[in-house]
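Each chain gets a letter, A, B and so on, in the order its sequence line appears, and its residues count up from 1. In what follows, every heavy atom counts, from backbone to side chain, and hydrogens, waters and symmetry copies are set aside.
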Amino acid sequence: MGKKKQKTTSIGWVVALLLVAFSAAAGVTYYMSRGVGKPIVPNQSKPAVVKPHNVQPTPKREVAIYLPEVVHGAFYLVPSTRTTALEGDILDVAMKVLLDTTGESGEAGKLIPKGTELLSTVKVNKGVAVVNLSKEFTDNFSGGSTQESLVLNSIAYTLVDNSNGKVKKVQILVEGNAVETLGGHFELTDPMEPDSALLKPDK
Amino acid sequence: MKQAIWASVTLLLLLCAIIPGARAETVPVRVMIGTRQAIVAPSPVFNGKRVLAPLSILNSLEATYKAAQGDKITITSASGQSGEVETVDVNGTKMIPMDGVISAIGGDCLWDEESNTLTLIARVQSVEFVDEVLKINCSFPVSCSVRNWTSGNKIIIEIPSAKHVAEAQEVFIGSPVVTRARLGQDGVARIVLDLEKNVPFKVLSQPVASQIQIKVSESLPKVRVQVEKPKAPADQPFTVTGVEVRPVRDQQFEVVVHTDGKGNVSTSYGVDPPQIVIKLPGAILADSVDTHNGSHSMLKDLKLTQESHSPTMARLVMNLNRVMVYNVRVEEDAIRVMVRPPDGAGGTLADKFIVIDPGHGGSQNGACNGSVYEKDINLRIAQELASALEAEGARVQLTRNGDATMGLAVRSEVAINKNADFFISIHCNSNGTKNSASGIETYYHMSEPSPLALAYAVHAGVCSATGMCDRKARSDKSLYNSGLAVLRRLENTGVPGILVECGYINHSDDRSRLTDTRYRKKLADGIVAGLKAYVEGTPIK
């Protein structure tokens with residue numbers, strides 16, 4: 001009788017342990033399946049290949065630069081499309097093309113102070129393009145407020161136009177440093193927005 | 001034995017209470033395909049780890065599938081990209097994990113935990129231009145906007161919920177009409193087509209498509225590209241029922257134009273003679289309109305006329321006894337014009353303290369032509385002006401009285417710190433081409449009323465005294481978005497300031513005048529005449 005009772009008790013404990021083990025496993029499985037509360041999203045899958053069927057290497061590219069024009073004694077900026085074989089970021093190319101206009105005939109050739117160079121690539125951060133120019137930019141500028149306005153707005157418009165909407169404002173540095181002014185009329189300490197009043201109006 | 005069984009049952013019940021279910025729960029979620037919600041049944045779910053959707057979601061993605069090994073299926077996108085995904089049974093419905101689907105066909109997933117929303121971002125996989133048709137192939141259907149860019153020969157295509165493979169890229173096209181496509185990413189996937197000339201375009205694809213097709217061809221009917229200007233609201237007709245002059249103070253009054261509805265207004269301003277003109281487009285004068293209701297000592301006369309009937313336009317001219325400033329308020333049944341003397345007006349010039357700022361100086365030459373430096377001419381004009389003002393009894397201070405280098409901020413601070421009544425900055429102008437521009441410009445900051453009145457008065461004075469070409473009194477915003485630095489610093493200080501460009505140093509006629517003492521004397525006399533008109537109310541001529 002005593003033996004029988006002992007056997008029954010052992011089976012009961014085995015059943016109890018099995019139940020506990022099963023319950024614990026179910027709990028662990030459930031919590032693991034919950035993850036961290038975010039679904040799996042695919043990693044940046046390998047970039048799909050661009051298949052430009054009739055595309056060839058770029059031999060030339062076009063940039064729009066903004067140059068001054070005098071109409072009945074009033075000054076305006078007008079876009080001018082230039083073709084170039086220069087390579088690199090479009091904003092660097094546009095700036096280089098604009099700086100290269102020095103010496104061209106007419107009002108346009110006298111816009112950019114002689115010898116001005118782009119010292120580093122144009123960087124864009126939160127819509128502000130930072131342009132680092134050589135000291136000739138300020139050293140060789142000798143215009144009045146009209147000329148200063150045209151130079152600054154020409155740079156701003158050129159960068160805004162070629163940026164596909166990425167550039168809204170322009171910060172000009174000289175030799176890597178912020179400067180107070182180009183010619184003693186307008187402050188360059190803050191990023192500037194191009195001024196629409198200078199664009200030649202449509203007829 | 002009994003205790004053991006009871007213990008295990010109790011433990012099991014406890015665990016069941018802590019764990020809400022023996023298997024993972026699912027919650028319904030929203031799947032957005034770009035900006036459109038995927039409409040599928042049953043609803044997509046989140047199983048705590050992945051978002052799962054029924055197979056029918058593949059229709060919305062224009063993708064197809066076929067069975068593969070085991071529970072797997074092979075998914076193929078409209079552009080041909082494919083991959084395998086394992087199906088999962090959710091409450092008896094075969095579902096697929098969306099992360100697996102996007103990995104297979106290309107794109108990105110954005111999970112918003114707060115709204116339980118998974119947004120699928122398409123991948124722009126290729127851009128090609130074949131037979132005058134631009135084809136933009138995306139990993140699944142997207143909507144886009146297409147427009148001309150007004151100041152150049154460009155077509156801009158923007159896809160709001162898509163990404164390019166690379167951040168920026170150029171694709172050379174080289175067709176007779178399309179030079180290249182520029183691919184950029186700025187919140188939207190943008191494709192800019194550079195055209196050889198202004199060529200019409202037509203969107204051939206459906207509003208939502210995985211392949212956007214845009215025909216760019218000269219054979220399409222010409223569409224005149226309009227500059228996108230905000231449409232001016234049509235001048236709503238309204239009737240002017242009366243005009244009333246209400247004195248406010250000794251030197252301040254209000255003109256109230258009574259109307260039967262909200263009117264439209266534009267204004268013009270003059271100082272020689274002092275005048276404010278209110279144009280009322282759309283206004284019809286009532287037969288009984290009375291314009292003789294009230295008067296003021298500063299108001300010489302007031303005339304209200306029906307200027308034209310087609311288009312309907314009335315005009316209110318206020319001739320004033322002195323230079324005044326005004327502001328206009330349009331209400332539902334009236335147009336109110338408050339007129340007052342400008343800041344610093346009243347008394348005589350002898351009571352005033354004026355800071356004169358000769359522009360540039362020291363290492364800053366300003367504009368130059370040969371050995372003629374702007375900084376030197378500015379100083380001579382400033383000294384001449386100081387003498388003329390002192391002769392009137394005014395107190396004067398120059399920001400520099402020698403060849404000193406000065407920052408821009410310091411110049412205005414002289415006027416602010418010393419409580420000056422006025423700030424006058426003296427400059428000479430110059431542009432790129434010799435002899436292409438001549439004359440005088442006078443600048444005020446933005447559209448501040450008192451600096452505007454001062455600029456108008458001084459400009460009229462110098463043009464009258466010198467006979468130089470009148471290049472107008474202008475806002476400095478016409479030159480630079482934030483205005484001239486020395487005038488900007490005077491904002492909200494109560495010191496009216498102006499900048500006078502006294503002539504073009506690179507124009508031979510202007511230069512010979514600027515270097516002539518007699519011209520500089522006339523300039524100084526003109527500025528004094530303008531200041532007297534502003535302060536004392538004397539006529540300019």
Side-chain angles (χ1 to χ4, degrees), chain A residues 8-9 12-13 15-16 19-20 23 26-27 30 33-35 37-42 45 47-48 50-58 61-62 64 68 70 73 75 79 90 106-107 110-111 142-147 149 152 164-166 180-181 183-187 192-195 197 202, chain B residues 1 4-5 7-8 11-12 15 19 22 24 46 48-51 81 99 102-103 106 109 111 113 123 125-130 151-152 165 170-172 179 182 184 186 190 192 194 227 359-360 364 366-368 407-408 427-433 436-437 477-481 484-485 501:
Chain A
T8 314
T9 309
W13 279 111
V15 169
L19 278 168
V20 169
S23 305
Y30 173 73
S33 74
R34 279 180 67 88
K38 287 180 182 176
I40 294 172
V41 291
S45 51
V50 171
K51 296 178 281 182
H53 294 280
N54 58 344
V55 170
Q56 299 153 23
T58 307
R61 61 210 303 202
E62 285 184 347
V70 189
F75 297 95
I90 188 79
E107 188 83 12
K110 299 176 183 72
L111 180 74
S142 66
S145 58
T146 298
Q147 186 72 355
S149 157
L152 298 176
N164 270 353
K166 278 173 83 175
E180 187 191 32
T181 185
H185 304 96
F186 309 110
E187 280 179 328
M192 65 167 291
E193 278 181 80
D195 196 322
D202 292 345
Chain B
M1 169 66 195
I5 291 173
S8 56
L11 193 60
L12 185 60
L15 281 168
I19 305 165
F46 175 40
K49 195 173 179 185
R50 317 179 92 164
V51 170
Q81 193 169 327
D99 56 293
I102 289 303
S103 284
C109 297
W111 172 244
E113 207 165 349
R123 179 73 49 78
Q125 293 176 314
S126 65
V127 175
E128 51 191 332
F129 191 78
V130 181
S151 63
V165 173
E170 285 186 32
V171 178
F172 177 69
T179 319
R182 285 183 283 152
D186 179 24
R190 188 178 287 111
V192 179
D194 289 327
V227 175
H360 313 288
Q364 300 157 354
C368 60
L408 292 169
H427 282 252
C428 299
N429 215 338
S430 173
N431 65 308
T433 309
S436 64
K477 199 181 180 311
S478 65
L479 289 176
Y480 195 68
N481 203 265
L484 286 154
E501 292 282 8

Enquirer: Taking the side chain from Arg190(B) and the backbone from Asn164(A), do they hold a donor-acceptor pair closer than 3.5 Å?
Expert: yes
Enquirer: Hey, are the side chains of His360(B) and His185(A) touching, using non-hydrogen atoms and a 4.5 Å cut-off?
Expert: yes
Enquirer: Does any backbone or side-chain atom of Leu152(A) lie under 4.5 Å from a heavy atom of chain B? Answer side chain, backbone, both or neither.
Expert: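 Contact with chain B is through the side chain of Leu152(A) alone.
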Enquirer: Under 4.5 Å from any heavy atom of chain A, what part of Cys368(B) do you find: side chain, backbone, both or neither?
Expert: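 Its backbone and side chain both get close to chain A.
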Enquirer: Determine the minimum heavy-atom distance between Gly144(A) and Ala367(B), stating which atoms define it.
Expert: N-CB, 4.0 Å
Enquirer: Is Pro194(A) close to chain B through its backbone or its side chain, or both, or neither, when contacts mean heavy atoms under 4.5 Å?
Expert: backbone
Enquirer: Is the backbone of Gly143(A) close enough, under 3.5 Å, to the side chain of Ser430(B) for a donor and an acceptor to pair up by distance?
Expert: no
Enquirer: Under 4.5 Å from any heavy atom of chain A, what part of Glu501(B) do you find: side chain, backbone, both or neither?
Expert: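 Only the side chain of Glu501(B) comes within 4.5 Å of chain A.
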Enquirer: What distance do Phe75(A) atom CZ and Leu479(B) atom CG have between them, rounded to the nearest 0.5 Å?
Expert: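 Rounded to the nearest 0.5 Å, the CZ-CG separation comes to 10.5 Å.
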Enquirer: Give the intermediate values and the outcome of side chain to side chain contact (heavy atoms under 4.5 Å, CB included) for residues His427(B) and Ser145(A).
Expert: CA-CA 9 Å; His427(B) 282 252; Ser145(A) 58; over 6 Å; no
Enquirer: CE/Met192(A) to CG/Asn481(B) distance, rounded to the nearest 0.5 angstrom?
Expert: 7.5 Å
Enquirer: Distance alone, cut at 3.5 Å: any donor-acceptor contact between the side chains of Thr146(A) and Asn431(B)?
Expert: no
Enquirer: Quick check for you: to the nearest 0.5 Å, what is the distance between Glu187(A) atom CD and Tyr480(B) atom OH?
Expert: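 Answer for the CD-OH pair, Glu187(A) versus Tyr480(B), is 8.5 Å.
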Enquirer: For Gly432(B), does its backbone N or O pair with a side-chain atom of Gln147(A) as donor and acceptor, under 3.5 Å?
Expert: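 Yes.
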Enquirer: Just give me the residue among Leu484(B), Thr179(B), Leu408(B), Asp194(B) that pairs up with chain A most often, heavy atom to heavy atom, under 4.5 Å.
Expert: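 Top count of heavy-atom pairs under 4.5 Å with chain A: Leu408(B).
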